[in-house]
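Okay, structure first, notes after.
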Amino acid sequence: MNHWLTILTLVPFLGGLVIAGLGAERKNLVRGLALACSLVGLGGALCLWLHFEAKTGELQFIEKFDWVKSLGIQYFLGVDGLGLLMVLLTAIVTPLAILASWRMDDRPQVYHALILWLQAGLFGTFTALNFFHWFLFWELGLIPAFFLIKLWGGPKRGPAATQFFIYTMVGSVALLLSFLVIRLATGSFDFIDLANMAKTGELNTKLAAMMPWLSWKSNIGLIVFFGAFLGFAVKVPAIPFHTWLPAAYAEAPSPVTMLLTGVMSKMGMYGFLRILLPIFPEQIRQVLTPLLWLAVATIVLSACAAFAQRDLKRMLAYSSINHLGYCLLALFAATSVVTGVNNSDLQKAAALDGARCKCSTTASRRQRCSCSCRSSKNAAGACAALMISAASAKSCPCSPA
Amino acid sequence: MIWIVKNLWLIPALPLFAAGIIAVNKQPKRKLAASLAIGSMAIGFLLSLCAFAATLGHGEHGMFREVFGFNWIQFGGQWMDIGWVLDPLTAIMLVMVTFVGMLIFIFSVGYMAHDENFMRFFCFLALFASGMLGVVIANNLFLFFVSWEIVGLTSYLLIGFWYHKPSAAAAAKKAFITTRIGDLGLLLGMVWLYAQTGTLNFYTPEHTGCLEAVKINAMLAAPPAAGFAVVTAIGLLIFLGAVGKSGQVPLHVWLPDAMEGPTPVSALIHAATMVAAGVFLVARVYPLMSAGATLTAQGAPVTTALTVVTWVGAITAIFAASIAVAQNDIKRILAYSTVSQLGYMMMGLGVGGVAVGMFHLITHAFFKALLFLGSGSVIHGCHEEQDVRKMGGLNKFMPITFWVYFAGMLALAGFPLLFSGFWSKDEILHAAHGWSVSQVPFYLGCAGALMTAFYMTRQMALVFSGKYRGQPEESHHGHSAHAHSPESSAQSHDPHESPAVMTVPLIILAGFAILLGFVGTPAWPWFDGYLTGEEFKFDPSKLTEPGTLGLMLASGAIVFTGLGLGWFLYGKRQRKTAAEKDVLEAAQPFIYKLLANKYYIDEFYEATVIRGNAFAAGLCDFADRRIFGGAVLLVKYITLGLAWLYRLTDEYFVNLGFDTGCEALREGGGGLSRLHTGRVQTYLRVIGVALVALIIFLIWGRKA
């Protein structure tokens with residue numbers, strides 16, 4: 001049994017604690033420590049990558065302990081190819097964000113501590129395999145982000161931060177309720193268990209058995225699915241749950257926007273892939289057509305809205321929504337054909353988009369008012385790749401996972 | 001496999017490396033930048049010659065074709081390959097692009113000598129060349145698309161090179177977005193093609209590429225979509241990409257505006273190479289376009305896709321030529337001429353096949369590069385003046401430029417027998433004449449040829465003959481530091497001949513503009529045989545065959561009419577001042593205005609497409625802020641309202657009862673507490689009073 005993943009999450013968390021305790025006047029120390037912590041995180045992630053057996057594609061670096069036995073809660077960590085990719089993405093973007101905020105002089109110790117905590121939350125989310133602590137980390141990532149926007153943001157930061165927080169919280173509450181229902185029905189919080197149950201159809205039977213007196217009891221699964229869907233759709237975001245995003249991206253300081261768009265928005269996609277698709281395959285198939293239309297609407301409407309923006313960061317925010325729409329489309333399109341989702345395809349899409357957003361946000365910082373078309377060129381490349389991946393998923397018979 | 005096939009990637013890779021090295025160096029290393037860029041092109045040219053030599057031999061199917069590729073990206077169970085193909089089409093384009101590119105690079109050293117962003121310019125140029133060469137060698141539509149987009153990006157960067165000019169920035173944006181519309185078609189065609197055939201490789205050693213008979217036949221057998229055969233629909237979508245890139249109607253609007261870039265850029269991108277990429281694309285996917293064709297009498301295939309190509313090309317040819325008649329900017333005239341000539345190439349592809357269109361592409365690349373560089377030399381010599389009305393009499397000031405420009409002009413006009421443009425244009429007209437679907441494109445082509453000869457004569461007459469009409473004292477000098485250099489200060493206002501670094505490339509290009517035509521004459525159709533792999537031999541009697549000879553005579557007559565008309569209107573009677581009205585304007589003010597304003601296409605787009613887009617954007621933005629945002633606000637207010645209601649219930653319902661109860665209790669307690677004062681005296685008094693009362697009660701009460 002090893003503890004690599006726990007350590008990976010703990011490093012930025014403890015680093016944040018130490019930094020928060022330093023005085024504001026020791027700026028260089030604060031920055032240096034923050035950078036060092038994030039670089040340690042990067043090193044750790046790279047180590048994981050080196051020791052990762054790419055061939056098997058199974059969960060690795062597993063840590064599994066009973067935590068609250070009476071409630072079926074386990075401390076269960078592990079990464080597969082998808083999780084590893086997201087961990088790497090987080091590990092790469094964070095040091096860049098810290099470097100990008102090198103000249104930030106306003107309460108640097110708090111700022112950098114928050115960034116590191118945000119990173120810890122992200123690491124935790126991407127490695128957790130039990131809903132209980134997965135949800136803790138999921139929410140933990142939100143709090144530093146809220147303060148980063150609220151304290152260091154642009155002129156309209158107050159409303160933006162509040163909207164971001166409450167909006168995401170509403171989604172999270174729906175998600176939480178859905179999982180409580182699942183927990184009551186099955187007695188398990190374990191993603192892997194739940195996915196197996198879903199595969200055999202046991203999950204639906206159990207959910208239906210909860211309220212046997214209802215005439216529509218076979219649709220309980222669908223309602224639960226919508227709850228979880230709302231949680232992820234807000235995070236991604238899909239239209240019409242996206243209005244928090246332009247405000248938050250535009251008001252957040254650029255390095256934070258980098259983290260928000262580069263990694264945090266991928267949390268939603270990750271949730272779709274890790275949780276929604278394996279646990280609710282039946283329900284997704286039931287409502288696939290509206291979901292596809294939703295993805296298309298997200299793509300088209302946000303692209304159109306991007307045209308009308310005068311603020312470059314707002315424009316990039318809409319472009320970000322646009323590209324996550326492509327990711328969603330790829331995801332649903334793949335679902336429409338194959339039973340088991342071909343993960344490698346989709347994770348590539350997600351990663352590509354992450355990289356793109358990172359590039360464009362960095363670009364926005366450097367050349368805030370110069371040619372925006374340059375980044376759209378970049379976007380075009382990514383969209384080509386994404387569309388091809390979508391098309392390939394459609395056209396070639398992928399091996400069911 | 002020959003070594004050159006394996007190492008073909010070096011040709012685009014070298015300029016790419018050059019661009020990278022230039023990019024990471026600091027600004028003032030001009031020599032390094034220029035020598036890296038030119039050197040990479042020179043090596044590329046030598047390698048291209050080797051490749052060309054290799055393709056001269058014949059392969060297994062009559063034509064040399066070898067491919068090399070390997071796996072690149074995996075998605076799902078499938079691999080996307082990357083690879084390159086060496087066949088005559090690739091080889092001839094490689095030689096042309098590297099050679100013309102090299103000459104233009106050398107010319108740029110002189111032209112951009114005074115620009116402070118010299119290094120950046122060469123970095124972009126090298127990057128552009130790499131993208132263009134990538135397009136040429138790609139054996140895979142995906143690699144093709146990637147290179148195609150690099151070309152689009154560098155074109156954006158180079159058109160907007162002087163981005164401090166708002167017009168240049170706008171032109172760059174326009175070029176990028178307009179070509180993007182076409183690229184969307186290409187992208188969709190690509191995705192559809194992949195969905196149909198499962199591969200994007202053009203050719204494979206196993207003959208399973210998407211351009212090879214197996215897949216084409218499979219696509220022909222597929223059920224039609226929306227009234228089109230699948231293969232036709234894919235072909236048309238891909239053609240849409242070519243329409244954007246090659247400036248065909250209705251996406252031609254970006255090309256004339258792109259003249260805002262430095263003149264070598266106009267020559268490189270907008271005359272010789274990039275705009276030709278669209279034509280090259282159609283030539284490359286020609287098997288797709290001609291799939292399931294019926295053959296004409298002359299053996300040229302006829303399909304729906306090719307018919308569309310022909311019509312678009314023919315309309316573009318005449319349309320742009322007519323606009324060129326009424327332009328006054330020396331580069332804009334050439335730009336519209338380019339659009340028109342690209343139309344001819346498309347028409348050639350449509351009616352006659354790959355060899356016909358490609359021949360004109362190659363000859364045009366040389367003479368149009370020559371004309372653009374010549375105009376660059378003129379502009380340079382006239383201190384950044386581009387208006388032909390303010391020139392005149394330049395043959396005295398810049399004789400070399402005059403003679404090479406004259407050669408290029410005659411080649412473009414198609415002066416019979418001696419110049420390359422005549423042979424290549426004649427071949428297109430010949431093919432159009434034999435086209436079974438319609439004769440209209442032939443007549444459109446002839447009319448276009450007449451106008452071409454006319455507007456080129458007009459331009460020559462205005463620029464080089466007569467008296468110099470410039471007023472240099474009033475004209476402001478853009479970046480002409482050289483105009484004020486000490487040695488030329490005495491006569492700085494007079495136009496001057498350009499330095500050798502600029503004129504030598506011009507002379508070389510002029511040589512090719514004249515000679516190149518002879519590789520594709522009816523008597524010796526070497527070019528045709530080379531591209532198609534068919535046998536041919538030298539046969540002068542073909543020249544005098546009735547059909548061929550008649551057409552040659554007719555097109556010669558057309559050219560002479562155009563030249564004569566141009567000379568009669570503009571050369572014989574010179575305009576006196578720059579402000580004088582144009583002869584055509586005086587005669588037909590309405591038509592002239594229509595042409596000078598380019599048929600108001602820009603205004604039309606402004607009013608429809610752009611406004612429509614702005615409207616959609618505004619609508620989406622509105623929806624975002626008001627409808628979706630409004631829904632969020634609504635939820636917010638509902639929540640607030642509920643909260644308010646709860647507070648009211650709390651305060652006036654729950655709390656009020658509770659408070660009243662409490663108040664009563666407190667008051668009761670207060671009243672009671674008054675009894676518990678803790679004063680003994682009070683207690684005693686109470687006891688005493690009570691005692692007295694008790695006694696009184698006992699005494700009086702009993703009696704009662």
Side-chain angles (χ1 to χ4, degrees), chain A residues 159 162-163 166-167 170 237 239-247 297 300-310 314 318 321 330 334 337-338 342-346 348-349 370-374 376-378 380-381 383-399 401, chain B residues 73-80 141-142 145-146 148-150 152-154 156-157 160 163 169 172-177 180 183-184 186-188 190-198 200 610 613-633 635-636 639:
Chain A
T162 314
Q163 199 184 10
I166 292 182
Y167 221 128
V170 170
I239 279 177
F241 310 112
H242 67 286
T243 47
W244 61 269
L245 190 141
V300 175
L301 292 182
S302 57
C304 273
F307 262 111
Q309 301 310 315
R310 292 282 169 274
R314 246 185 117 81
Y318 277 104
I321 303 178
V337 182
V338 288
N342 194 331
N343 272 354
S344 74
D345 204 16
L346 301 165
K348 212 171 277 168
S370 73
C371 45
S372 52
C373 277
R374 206 180 292 190
S376 72
K377 152 79 193 135
N378 188 331
C383 70
L386 288 175
M387 279 182 82
I388 284 169
S389 79
S392 79
K394 230 174 203 173
S395 57
C396 65
C398 302
S399 51
Chain B
I73 306 173
Q74 185 184 25
F75 30 68
Q78 292 241 337
W79 282 95
M80 176 69 78
L141 199 54
F142 188 61
F145 189 73
V146 171
W148 176 274
E149 290 300 327
I150 294 177
L153 167 73
T154 41
Y156 165 78
L157 293 174
Y163 55 81
K173 223 163 32 180
K174 187 171 177 183
F176 194 78
I177 294 171
R180 177 102 307 189
D183 292 353
L184 184 66
L186 175 56
L187 182 65
L188 291 177
M190 182 166 84
V191 172
W192 197 351
L193 185 65
Y194 188 75
Q196 285 291 323
T197 63
L200 285 177
I610 295 174
N613 185 41
F615 178 72
L619 200 68
C620 283
D621 193 49
F622 174 80
D624 226 71
R625 285 175 199 272
R626 297 281 172 267
I627 299 178
F628 297 131
V632 174
L633 275 185
V635 173
K636 175 186 148 188
T639 318

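Because the structure is a prediction, the values reported are computed rather than measured. A note on names: the letters A, B, ... follow the listed sequences, proteins ahead of strands, and every chain is numbered from 1.
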Exercise. Got a sec: does the CZ of A/Phe307 have more than 12 other heavy atoms crowding it under 6.0 Å?
Worked result: no
Seminar exercise, completed: Applying a strict 4.5 Å limit to non-hydrogen atoms, the region of A/Ile166 in contact with chain B is neither
Exercise. Just how far is it from atom OG1 of A/Thr243 to atom CD1 of B/Ile627, taken to the nearest 0.5 Å?
Worked result: 12.5 Å
Problem set entry | Gap separating the SG atom of A/Cys304 from the CG atom of B/Asp624, nearest 0.5 angstrom | 11.0 Å
Problem set entry | Contacting moiety of B/Asp183, where chain A heavy atoms sit under 4.5 Å | neither
Exercise. Is any side-chain heavy atom of A/Gln163 less than 4.5 Å from a side-chain heavy atom of B/Val632?
Worked result: yes
Exercise. Is it the backbone or the side chain of A/Tyr167 that comes under 4.5 Å from a heavy atom of chain B, or both, or neither?
Worked result: side chain
